[in-house]
Amino acid sequence: MRCAFLTMDDTEGWSIDAGLCIPHLEKLGWQVDWIPWRRPDVNWDSYDLVYTAATWDYPDNAVEFMQVIEAVASSSASLVNPAELVRWNVTKTYLQDLQSRGIAIVPSQWYESFRKNDLASWFEKAASQTIIVKPVISANAANTFLLEEPVDAPTLTRLGSVFADRAFMVQPFIESIRSEGEFSLFYIDGALSHAIQKIPKQGDFRVQEEHGGNIVSANPGAQLKTAGEAVIRLVKPAPVYARADFVRAADSGFLLMELELIEPSMYLRMDDGAAQRFAAALNRYARGSGAD
């Protein structure tokens, strides 16, 4: 059995621990190849399973990336997570869908392109003096802006350049992120596997490791577990893996920030059994009823 782990062309400086599950896959009879997702002329039919392990640069080339996803989906290989979930999850508008079904998300406004005259209404609608602006297709806080009034001229110019023809979303900045960060819950085959807390470095709001965030293991309480389970129950078809990112609201409840189903870092290194559980789930999916 052959498996392709899709990745970026250049992984220098990135923290990738998907490979921790490879020894476990090998014990289950798998050969694993790391394949840059942009590599041309890959014969996907030669693989039994294709996993989008670390394709974190796709937001700037989303059309090309989705062409690769569709090519894999059209082959005899099983894509994990399946293409149906990738199509739904590739733009953050999936949050609107989840909100319409009762999930508490960070309040969001949606725009197709930047217009300077809309700026004042962003703050007004967010009911906040501090807001976050980010693309609807993004990863690792790329092209994410933290804005306070008044917005200076260079920032306005930058906003106009980045979002001239790119859809984006506007959210109030959740103050608990500065002190508490975000909580990530990891699900494997629908069951909670492990959890972490991502805390930004002093003076920053970005929680990713690449931006200096501190990652620690977490033991989620009942309220956070319930919030995560409510989200996962709504995802159809059931994902083989998922990462749900939550932040604490002012009322101490939890708001969904992101639901990552395509290429989330699963932080397998943060739990002793996670890599083995993940390998077993990939194996079951490819060999069982989940395979196409």
Side-chain angles (χ1 to χ4, degrees), residues 15 17-18 52 54-56 59 81 85-86 88-99 101-108 132-144 146 169-188 190-201 204-221 223-235 239 241-250 252-271 274:
S15 179
D17 66 6
T52 51
T55 58
W56 298 327
N81 280 313
L85 289 183
V86 177
W88 178 71
N89 196 233
V90 72
T91 61
K92 297 186 192 302
T93 50
Y94 69 80
L95 289 167
Q96 291 178 297
D97 183 21
L98 292 174
Q99 184 182 37
R101 291 190 280 167
I103 299 301
I105 70 169
V106 175
S108 303
I132 293 288
V133 182
K134 57 187 176 183
V136 297
I137 301 179
S138 66
N140 295 293
N143 292 312
T144 296
L146 177 68
M169 58 197 296
V170 177
Q171 299 175 321
F173 179 70
I174 306 300
E175 286 297 330
S176 64
I177 291 176
R178 294 191 194 275
S179 58
E180 192 176 41
E182 297 178 13
F183 295 91
S184 291
L185 306 184
F186 300 90
Y187 295 87
I188 297 175
L192 180 63
S193 169
H194 55 290
I196 62 171
Q197 185 177 1
K198 300 178 288 186
I199 307 167
K201 69 180 182 181
D204 206 337
F205 67 96
R206 298 168 298 180
V207 299
Q208 294 82 5
E209 291 172 282
E210 291 77 19
H211 300 298
N214 184 33
I215 312 299
V216 297
S217 295
N219 183 18
Q223 186 179 20
L224 183 52
K225 286 182 180 179
T226 298
E229 289 166 2
V231 172
I232 295 300
R233 282 198 302 269
L234 294 177
V235 182
Y241 58 89
R243 190 185 85 203
D245 297 333
F246 289 90
V247 292
R248 195 184 302 272
S252 295
F254 289 98
L255 303 173
L256 180 67
M257 177 75 75
E258 306 273 4
L259 174 64
E260 302 282 6
L261 303 176
I262 303 174
E263 33 53 270
S265 173
M266 292 294 287
Y267 288 90
L268 300 178
R269 67 186 184 275
M270 302 300 291
D271 183 273

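With values rounded to the nearest 0.5 angstrom, Leu255 atom CG is found 11.0 Å from Ile103 atom CD1. The CD1 atom of Ile215 sits 8.5 Å away from atom OG of Ser15, with the distance rounded to the nearest 0.5 Å. To the nearest 0.5 angstrom, Asn219 atom CG is 11.0 Å from Phe183 atom CZ. For the atom pair OH of Tyr267 and CD1 of Ile196, the computed distance is 5.0 Å after rounding to the nearest 0.5 Å. Rounding to the nearest 0.5 angstrom, the gap separating the CG atom in Leu146 from the CZ atom in Arg178 is 5.5 Å. In this structure, the separation between CD on Glu258 and NZ on Lys134 is 4.5 Å, given to the nearest 0.5 Å.
Contact record, Pro264 with Ile262: CD-C, 3.4 Å, taken as the closest heavy-atom pair. Annotation for Ile188 and Ala274: closest pair CD1-O, 4.0 Å, computed over non-hydrogen atoms. Smallest separation of non-hydrogen atoms from Arg101 and Leu234: NH1-O, 3.2 Å. In terms of heavy-atom proximity, Leu185 sits nearest to Gly228 at CD1-CA, 4.0 Å. Shown here for Thr55 and Thr52, the closest heavy-atom pair between the two residues is OG1-CB, 4.3 Å. Between Ala242 and Pro239, the shortest heavy-atom distance links the atoms CB-CG, 4.2 Å.
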Evaluate Val106 against Leu256 for side-chain contact (heavy atoms from CB on, under 4.5 Å), listing each step before the verdict. CA-CA 6 Å; Val106 175; Leu256 180 67; over 6 Å; no
Please test Leu259 against Tyr94 for side-chain contact (heavy atoms from CB on, under 4.5 Å), starting from the C-alpha separation and ending with a verdict. CA-CA 9 Å; Leu259 174 64; Tyr94 69 80; 3.7 Å; yes
Verify side-chain contact (heavy atoms from CB on, under 4.5 Å) between Val216 and Asn214, making sure each step is shown before the conclusion. CA-CA 7 Å; Val216 297; Asn214 184 33; 3.8 Å; yes
Chi angles and distances behind the side-chain contact (heavy atoms from CB on, under 4.5 Å) call for Met257, Ile177: CA-CA 11 Å; Met257 177 75 75; Ile177 291 176; 3.7 Å; yes
Show your working on side-chain hydrogen bond (donor to acceptor under 3.5 Å, both in side chains) between Tyr241 and Glu260 and close with a plain yes or no. CA-CA 9 Å; Tyr241 58 89; Glu260 302 282 6; over 6 Å; no
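The shortest side-chain heavy-atom distance between Val247 and Phe254 does not fall under the 4.5 Å cut-off. In this structure, the side chains of Pro172 and Pro107 come closer than 4.5 Å at one or more pairs of heavy atoms. The shortest distance between side-chain heavy atoms of Leu268 and Phe186 does not fall below 4.5 Å. Tyr187 is not listed as a side-chain neighbour of Arg243, based on a closest heavy-atom distance of 4.5 Å or more. Side-chain contact between Lys198 and Asp245 is present, with heavy atoms from C-beta onward closer than 4.5 Å. Using a 4.5 Å heavy-atom threshold, the side chains of Phe246 and Glu182 count as separate. Contact check for Leu192 versus Lys225: side-chain heavy atoms found under the 4.5 Å cut-off.
Donor-acceptor pairing under 3.5 Å is recorded for the side chains of Ser108 and Gln171.
Judged by distance alone, the side chain of Ser217 and the main-chain N or O of Met270 form a donor-acceptor pair under 3.5 Å. Checking side-chain atoms of Asp271 against main-chain N and O of His194 turns up no donor-acceptor pair under 3.5 Å. Side-chain N or O atoms of Ser176 include one that pairs as donor or acceptor with a backbone N or O of Arg248 at under 3.5 Å.
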